[in-house]
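All remarks here apply to the structure that follows.
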Protein chains: 2
Amino acid sequence: MSPNATDEREQAAALLRGAGLKVTESRLAVFDVFGPGEHLDADDVFTRVAATLPTTSRQAVYGVLGALADAGLLRKIEPAGSPALYETRVGDNHHHLVCTGCSTVFDVGCVVGEAACLTPSESHGFRIATAEVTFWGLCPDCAASGEPS
Amino acid sequence: MSPNATDEREQAAALLRGAGLKVTESRLAVFDVFGPGEHLDADDVFTRVAATLPTTSRQAVYGVLGALADAGLLRKIEPAGSPALYETRVGDNHHHLVCTGCSTVFDVGCVVGEAACLTPSESHGFRIATAEVTFWGLCPDCAASGEPS
DNA sequence: TCGGTTGTTTTGACAAAATCAAGACAACTG
DNA sequence: CAGTTGTCTTGATTTTGTCAAAACAACCGA
């Protein structure tokens, strides 16, 4: 409907081709449902995809999300107590802020610079690949409604 | 068997009492099965507890672990792709190193000091309660066996 | 030491999230 | 356009953990 919807599909298709993946309706549809800054779980994605592609199954969504995450086109995060979430922002090692009230996830830039995030003080001989930082707290909305003083 | 087993039980009982929890066999048994530095999932705990307390049920273990975690006597961590793990080291905000090969979890001290771990660069108005850092990589054993060059 | 209250454990059913397997099908290659 | 390869559909299964209610045990006070 938007005038550049075709452009977006072409762009997504190019990303898929670049990753060596076949371009399919399901995969384009999955790309479509992600808005910028959104963190969606498999069920959210399935629900939205099913609206435009009624033959889709939950397993297809799992498969697509898994394939895209493996290819580095999507990032999978698994906050404690929630189903796995996916986001389209990849390539930077940003971290996450999870609201303990409403479970909403926000992006946040790296804390104090890349180096500090990637080098623990004792590494036990570990070969560290990635560091993941999750902050837990109350988002402005939940803080306001929970403590109206 | 060990000469100070009684002492350990007394100590555990004191911790429980201090937290306002009743002292029960199940709870003491759960404390018993944790060795220092170990990270056990609910099923590990159940298996070990069942060896000495055959009437125990899985749900009792979930209940005990939940109660102890709520009381701050145990810490619950939930690494992506694994069941929840519990550890006895509480009170310091240490972090974790997870092996992508064998899923073993190691403790690691805070990266560059408490402050850096608790203040993301943009907080979005969040009231941050805790920060959780997880490092992913290969432990010495897995690095050695996977790449014997 | 003995009841009474309260919190804990047992039992069994249930729910959510994700995975596995096999056949049908569609996208890319030449 | 046909073949090959990878993807999707369908349905069952597994794993992890929760819920609810009744039986039971620990702690308090007399």
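Throughout, protein chains are lettered first and strands after them, A, B, ... in sequence-line order, and every chain is numbered starting at 1.
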- request: Identify whether any heavy atom of Ser57(A) sits under 4.0 Å from a base atom; if not, whether one sits that close to sugar-phosphate; answer base, sugar-phosphate or nothing.
  value: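 Base contact - Ser57(A) has a heavy atom under 4.0 Å of at least one base atom.
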
task: Scan Arg58(A) against the nucleic acid and name what it touches under 4.0 Å (heavy atoms): base, sugar-phosphate only, or nothing.
output: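 Answer is nothing: Arg58(A) stays at 4.0 Å or more from every strand.
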
query: Do the side chain of Thr100(A) and the main chain of Gly137(A) share a donor and acceptor less than 3.5 angstrom apart?
result: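 Yes, because the side chain of Thr100(A) sits within donor-acceptor range (under 3.5 Å) of the backbone of Gly137(A).
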
Thr134(B) side-chain N/O to Glu132(A) backbone N/O, donor-acceptor pair under 3.5 Å: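 No, because the side chain of Thr134(B) does not come within donor-acceptor range (under 3.5 Å) of the backbone of Glu132(A).
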
message: Can you list, by chain and residue number, the hydrophobic cluster partners of Val33(A) when the side-chain cut-off is 4.5 Å?
response: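 Leu15(A), Leu16(A), Leu21(A), Val23(A), Leu28(A), Val30(A), Phe31(A), Phe34(A), Leu40(A), Val45(A), Phe46(A), Val49(A), Leu53(A), Val61(A), Val64(A), Leu65(A), Leu68(A), Leu73(A), Leu74(A), Tyr86(A), all in the cluster of Val33(A).
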
field: Residues that, via side-chain heavy atoms closer than 4.5 angstrom, fall in one hydrophobic cluster with Val90(B)
entry: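 Via sub-4.5 Å side-chain contacts, Val90(B) links to none.
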
message: Checking Asp92(A) now: which residues fulfil salt bridge (Lys or Arg N to Asp or Glu O under 4.0 Å) with it, not counting sequence neighbours?
response: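 For Asp92(A), the residues satisfying salt bridge (Lys or Arg N to Asp or Glu O under 4.0 Å) (neighbours in sequence not counted) are Arg89(A).
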
- prompt: Listed by chain and number, what are the ring pair (Phe, Tyr, Trp, His ring centres under 6.0 Å) partners of His39(A), not counting sequence neighbours?
  reply: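 Scan of His39(A) (ring pair (Phe, Tyr, Trp, His ring centres under 6.0 Å), adjacent residues dropped) gives His96(A).
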
- prompt: If only side-chain N and O atoms of Thr56(A) are considered, is one of them under 4.0 Å from the OP1 or OP2 phosphate oxygen of dC8(D)?
  reply: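 Answer is no, no contact under 4.0 Å.
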
message: What is the distance, to the nearest angstrom, from the CG atom on Leu65(A) to the C1' atom on dT7(D)?
response: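 Those two atoms, CG and C1', are 14 Å apart.
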
message: Can you measure Leu16(A) atom CG to dG6(D) atom P for me and round it to whole angstrom units?
response: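 Whole-Å distance recorded here is 16 Å.
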
query: Hey, where on DNA chain C does chain A first and last touch, going 5' to 3'? Cut-off is any atom under 4.0 Å from a heavy atom.
result: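 Here the contact window of chain A covers dA17(C) to dC28(C).
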
- request: Please round to 10 degrees the angle between the axis of the first five pairs and the axis of the last five pairs in the helix from dT1(C)-dA30(D) to dG30(C)-dC1(D).
  value: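 Rounded value for the end-axis angle: 40°.
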
- request: Determine which pairs satisfy side chain to side chain donor-acceptor pair (under 3.5 Å) with at least one residue from residues 46-61 of chain A, sequence neighbours left out, and list them in order.
  value: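 Counting only pairs at least two positions apart or across chains, the side chain to side chain donor-acceptor pair (under 3.5 Å) contacts touching residues 46-61 of chain A are Glu38(A)-Arg48(A), Asp43(A)-Arg58(A).
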
Residue pairs, two or more places apart or on separate chains, that pass salt bridge (charged side-chain N to carboxylate O under 4.0 Å, His left out) and touch residues 16-29 of chain B: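 Applying salt bridge (charged side-chain N to carboxylate O under 4.0 Å, His left out) to every pair that reaches into residues 16-29 of chain B, excluding sequence neighbours, yields Arg9(B)-Glu25(B).
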
query: What about Phe126(A) and Phe135(B), are their ring centers closer than 6.0 Å?
result: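 Not close enough - the centres of the two rings lie 6.0 Å or further apart.
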
- request: Evaluate the side-chain proximity of Val108(B) to Val133(B): yes if any heavy-atom separation is below 4.5 Å, no if none is.
  value: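 The answer is no; the side chains never approach within 4.5 Å.
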
field: Set of residues satisfying side chain to side chain contact (heavy atoms under 4.5 Å, CB included) with respect to Ala80(B), sequence neighbours excluded
entry: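 Per chain and number, Ala80(B) pairs via side chain to side chain contact (heavy atoms under 4.5 Å, CB included) with Glu78(A), Trp136(B).
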
- prompt: For every nucleotide of nucleotides 15-30 of chain D, 5' to 3': is a protein heavy atom under 4.0 Å from its base (B), only from its sugar-phosphate (S), or from neither (-)?
  reply: -SBBB------BS---

